K.L.:
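I am attaching a structure below and will ask some questions about it afterwards.
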Protein chains: 2
Amino acid sequence: MLPEEILTNDHEQLARFAKALGHPVRVYIMELLSTQTCCFSGDLADDLPIARSTLSQHLKELKAAGLIQGTIEAPKIRYCINRENWKKATLLFGQLFKANPLVNEECK
Amino acid sequence: MLPEEILTNDHEQLARFAKALGHPVRVYIMELLSTQTCCFSGDLADDLPIARSTLSQHLKELKAAGLIQGTIEAPKIRYCINRENWKKATLLFGQLFKANPLVNEECK
DNA sequence: TTCTTATTTCGCAAAAATACGAAATATATT
DNA sequence: AATATATTTCGTATTTTTGCGAAATAAGAA
């Protein structure tokens with residue numbers, strides 16, 4: 001029998017995903033990658049009002065959180081969503097937001 | 001006609017919600033409040049392995065993000081979810097995670 | 001090989017997040 | 001009025017995040 005942990009791996013994992021989505025630029029990137037297609041850093045840099053080095057850091061963070069992955073297509077790098085982890089994130093966020101038994105009750 | 005903004009209010013709002021969920025303790029709190037019931041700071045403090053002052057800061061952040069609200073029930077404070085904003089968050093996260101037209105395709 | 005392009009890493013600075021214990025606050029209870 | 005309880009705010013230290021420009025890297029093109 002496992003010890004009853006208060007903060008579970010799922011809490012940690014969800015927090016990690018949420019933190020990665022905790023900046024408008026990164027939300028923008030994930031939105032783009034989840035709806036449209038893969039993309040290059042340069043395409044994003046052309047649109048976004050930040051330095052390329054700053055964008056690179058955001059991409060690095062999304063990669064560290066496991067939400068995206070890059071494949072070299074010299075001299076560019078093509079970024080795509082990491083489908084496995086995106087699915088995991090979808091599941092975890094879905095769980096969090098789905099259950100709501102008090103939806104029609106006032107706080108008592 | 002509005003100017004075509006790259007980073008929209010929705011991106012900002014979703015990032016704000018995500019950032020608030022970007023810590024395991026805060027995920028735990030929101031999970032509790034969304035599934036079970038309202039709760040008191042003290043109940044959380046008894047369970048969580050952090051100082052009460054630290055917990056208070058996390059609650060403050062969730063409140064600042066609009067995800068929870070507190071009502072005085074002296075000498076305690078009862079914390080509840082902010083249903084209106086939770087709904088908004090559900091919607092924004094739902095939008096982000098729903099659309100996925102490339103679900104069966106490899107990155108090309 | 002040299003040049004060009006795309007992107008990252010480095011070095012730095014400023015701001016924000018995280019955590020704690022001590023002190024302050026607010027309000028019931030005695 | 002004094003005490004007890006629940007929670008927050010304050011002060012502080014440490015770590016992390018965010019951002020930039022300059023320099024470094026990688027690989028195709030001339």
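None of the values given here were measured: they were computed from a predicted structure. Naming: A, B, ... by sequence-line order, numbering from 1 per chain.
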K.L.:
Within this structure, what is the CD1-to-C1' distance between A/Ile77 and C/dT5, rounded to whole angstrom?
P.N.:
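The distance from CD1 of A/Ile77 to C1' of C/dT5 comes to 13 Å, rounded to the nearest Å.
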K.L.:
Could you work out which one of C/dT8, C/dC20, C/dT18 sits closest to the side chain of B/Glu61?
P.N.:
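Given the options C/dT8, C/dC20, C/dT18, the side chain of B/Glu61 is closest to C/dT18.
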K.L.:
Between C/dC20, D/dT7, C/dT7, which nucleotide has the shortest distance from any of its atoms to the side chain of A/Tyr79?
P.N.:
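Of C/dC20, D/dT7, C/dT7, C/dT7 is nearest to the side chain of A/Tyr79.
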K.L.:
Calculate the interatomic distance between A/Lys60 atom NZ and C/dT8 atom C1'; express it in whole Å.
P.N.:
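The distance from NZ of A/Lys60 to C1' of C/dT8 comes to 8 Å, rounded to the nearest Å.
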K.L.:
Ion pair present between A/Asp46 and A/Arg52, side-chain N to carboxylate O less than 4.0 angstrom?
P.N.:
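A salt bridge links A/Asp46 with A/Arg52.
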K.L.:
Has B/His58 got a side-chain N or O lying under 4.0 Å from the OP1 or OP2 atom of C/dA19?
P.N.:
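Yes.
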K.L.:
Can you check the B/Ile50 CD1 to C/dG21 P distance for me, whole Å?
P.N.:
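Between P of C/dG21 and CD1 of B/Ile50: 12 Å.
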K.L.:
Write down the distance between NZ (A/Lys63) and C1' (C/dT7), rounded to a whole number of angstrom.
P.N.:
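Rounded to the whole Å, the gap is 10 Å.
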K.L.:
Would you indicate which nucleotide in C/dG21, C/dT8, D/dT9 comes nearest to any side-chain atom of B/Ala51?
P.N.:
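For B/Ala51, the side-chain atoms sit closest to C/dG21.
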K.L.:
Provide the closest heavy-atom pair for A/Glu5 versus A/Thr8 in the form atom of the first, atom of the second, distance.
P.N.:
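That would be O-CG2, 4.1 Å.
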K.L.:
Please state whether the phosphate of D/dT18, meaning OP1 or OP2, lies under 4.0 angstrom from any side-chain nitrogen or oxygen of A/Arg26.
P.N.:
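Indeed, a polar side-chain atom of A/Arg26 lies that close.
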K.L.:
As a test of reading the structure: which of D/dG19, D/dG11, D/dT7 is closest to the side chain of A/Thr54, going by heavy atoms?
P.N.:
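Of the options given, the side chain of A/Thr54 lies nearest D/dG19.
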K.L.:
Does C/dG21 have its OP1 or OP2 closer than 4.0 Å to a side-chain nitrogen or oxygen of B/Ser53?
P.N.:
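Checking C/dG21 against B/Ser53, no side-chain N or O comes under 4.0 Å of OP1 or OP2.
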K.L.:
Which heavy atom in A/Leu92 sits nearest to a heavy atom in A/Gln13, and how many Å separate them?
P.N.:
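Answer, listing the atom of A/Leu92 first, then A/Gln13: CD1-CG, 3.6 Å.
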K.L.:
Please determine, for the side chain of B/Gln57, which listed nucleotide (D/dT7, D/dT5, D/dG11) has the closest atom?
P.N.:
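Comparing D/dT7, D/dT5, D/dG11 against the side chain of B/Gln57, the answer is D/dG11.
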K.L.:
Between P on C/dT5 and CG on A/Asp46, what's the gap in Å once rounded to a whole number?
P.N.:
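In whole Å, C/dT5 P lies 14 Å from A/Asp46 CG.
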K.L.:
Would the B/Phe93 and B/Phe17 ring centres measure less than 6.0 Å apart?
P.N.:
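Not under 6.0 Å, so no.
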K.L.:
Starting from P on D/dT18, measure out to CG on A/Leu48 and report it in whole angstrom.
P.N.:
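Value for this atom pair: 14 Å.
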K.L.:
Start at the 5' end of DNA chain C and walk down; is the nucleotide closest to A/Ala45 or to A/Lys19 reached first?
P.N.:
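Between the two, 5'-proximity favours A/Ala45.
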K.L.:
What's the CD-P distance between A/Glu73 and C/dT5, to the nearest Å?
P.N.:
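Between P of C/dT5 and CD of A/Glu73: 19 Å.
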K.L.:
So, do B/Asp10 and A/Val27 sit near enough that their side-chain heavy atoms are less than 4.5 Å apart?
P.N.:
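A side-chain contact is absent here, since even the closest heavy-atom pair is not under 4.5 Å.
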K.L.:
Rounded to the Å, how far apart are B/Phe40 CZ and D/dA6 C1'?
P.N.:
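Answer to the nearest Å: 10 Å.
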K.L.:
Starting at the 5' end of DNA chain D, which residue's closest nucleotide do you reach first, A/Val25 or A/Ile72?
P.N.:
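Result: A/Val25.
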